[in-house]
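One structure below.
Residue numbers run from 1 in the order of the sequence given.
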Amino acid sequence: MQNIPEKRRESGRASRDGEGRAAADSEGDAQGKQADAERETLMMELTRLVQKRVRESSWWERRGVDCTILTAAFISLPAGFLLLGSSQPVCVLLGLLIMGVAHAVITVKGTHLSSHGALSESPAWADFWAVFFIEVCGSFSARAGVQGHIKMHHAHTNVIGLGDSSTWKMPFLPRSVYLFIAPLAVPIITPIVAVGQLKGQSPLQVARTVACVCLGIFSQYYLLRCVSGLSCSSALLVMLLCRAMFSLPYIHVNIFQHIGLPMFSATGRPKRIYQMTHGVLNLPRNPLLDWTFGHSLISCHVEHHLFPFLSDNMCLKVKPIVSQYLKEKKLPYQEDGYVSRLRLFFRRYQELMVFAPPITDLVGVQ
């Protein structure tokens, strides 16, 4: 009987300990929810600032500038075909340069903007431009391109196995071959990969893609034969040279801006604003690449991943707002030079490109 009070005291202590743990768990849950709400508020606040700037912008700023650049690329093509038919080596080289630049503008800038529906507010026209730029001009499947870029890369940026730019990795190649030689084969590889992406698509989609890809390739070949007056072998060589002219920076840009930055697991990713600010990097302004690839792929890649619906020109216009906001909120705004990234990848090729980058735990974020 003398042990009963002692047992009661122990029971009371256990009850109080349990209540304390429950209170601590409840407080932890509340803090977690508060942190999540704060992160959502950050993204919502930044979105309001950006949307305000977009609403204040004219159609010319929202879409007109980029549509004009694409139009200029098409307008320059006749001069390129005519110069390629010249007997003067200087004219031929100038024709190659015009054709190569125009091809890069159309197939990189055009396909990228059209995949995001940034060329038109009309859904029907947006679908049309996606098929035209991606399939006819880019020799790839529009459906697979949108699926891989929008629904995987943008939705799962730097998430291992989903949106980690793994399609650009070829670990069996030496670093010099991968960085400086293999990209030259992109014009040949692209339509081959497109054929593989047709699996699982409807017969109508397959027929459309094959017809559009063949139309784009044959049109350029036909014009080189008839307008430029080139032989069969010369026309094929010119097509390869023009299409491969910007392949090296194209592959470089795709890997420089994500690989080597924090990586996440599918179950442990941070909130969107943290995911994009930690996993995306901007390259400095470059007049040539800005015009051919677009600001959203070069100096405004962070802005593009935060607001993928914006055109290249609008990404450039909201860049000061985004950079200032992120720095004020003590969030990373990552920037690095092209040559600096190239040196990094050449030096750490095995770690970054052969072996899967480690998943990064962002303390206080996840």
**Request:** Apply side-chain hydrogen bond (donor to acceptor under 3.5 Å, both in side chains) to Arg243 and Gln220, showing your working.
**Result:** CA-CA 11 Å; Arg243 290 168 178 249; Gln220 187 180 17; 2.9 Å; yes
**Message:** I'd like to know if Glu45 and Arg48 make a salt bridge, using a cut-off of under 4.0 Å between side-chain N and carboxylate O.
**Reply:**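 No, Glu45 and Arg48 are not salt-bridged.
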**Request:** State yes or no: are the ring centers of His301 and His258 separated by less than 6.0 Å?
**Result:**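 Judged by ring-centre distance (under 6.0 Å), His301 and His258 do meet the cut-off.
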Examine the side chains of [X] and [Y] and answer whether a donor and an acceptor come within less than 3.5 Å of each other.
X: Glu135; Y: Thr209; result: yes
X: Ser234; Y: Ser231; result: yes
X: Gln257; Y: Arg341; result: no
X: Lys319; Y: Ser299; result: no
X: His304; Y: His154; result: yes
X: Thr157; Y: His305; result: yes

**Prompt:** Which residues pass the side chain to side chain donor-acceptor pair (under 3.5 Å) test with Arg62, sequence neighbours left out?
**Reply:**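 So Arg62 forms no side chain to side chain donor-acceptor pair (under 3.5 Å) with any residue.
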**Partner set under side chain to side chain donor-acceptor pair (under 3.5 Å) for Asn282, not counting sequence neighbours** =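 Counting only residues at least two positions away or on another chain, Asn282 forms a side chain to side chain donor-acceptor pair (under 3.5 Å) with Glu303, Tyr333.
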**Message:** Show me the pairs that pass salt bridge (charged side-chain N to carboxylate O under 4.0 Å, His left out) and involve residues 283-292, at least two apart or across chains.
**Reply:**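 Matches after skipping sequence neighbours: Arg285-Asp290.
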**Prompt:** salt bridge (charged side-chain N to carboxylate O under 4.0 Å, His left out): which pairs involve residues 104-120, sequence neighbours left out?
**Reply:**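 Of all non-adjacent pairs touching residues 104-120, those that pass salt bridge (charged side-chain N to carboxylate O under 4.0 Å, His left out) are Asp66-Lys109, Lys109-Asp312.
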**Item:** Ile160 side chain near Phe264 side chain, heavy-atom distance below 4.5 Å
**Value:**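 They are not in contact (no side-chain heavy atoms under 4.5 Å apart), so the answer is no.
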**Request:** Could you check if a side-chain atom of Leu310 sits within less than 4.5 angstrom of a side-chain atom of Val50, using non-hydrogen atoms only?
**Result:**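 They are in side-chain contact.
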**Request:** Tell me, yes or no, whether the heavy-atom count around Arg225 atom CZ, taken from other residues, nucleotides or ligands under 6.0 Å, exceeds 12.
**Result:**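 Buried by this count: over 12 neighbours within 6.0 Å.
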Mind listing the side-chain donor-acceptor pairs of residues 82-97 below 3.5 Å, one per line with the distance, residues two or more places apart or on another chain?
residue	atom	partner	partner atom	Å
Ser86	OG	Gln88	N	3.0

**Request:** Please state whether the rings of Trp125 and Phe128 are parallel, tilted or perpendicular, taking 30° and 60° as the class boundaries.
**Result:**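 Ring orientation, 0 to 90° scale: perpendicular.
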**Message:** Checking Phe256 now: which residues fulfil ring-ring contact (aromatic ring centres under 6.0 Å, His included) with it, not counting sequence neighbours?
**Reply:**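 For Phe256, the residues satisfying ring-ring contact (aromatic ring centres under 6.0 Å, His included) (neighbours in sequence not counted) are His252, Tyr338, Phe345.
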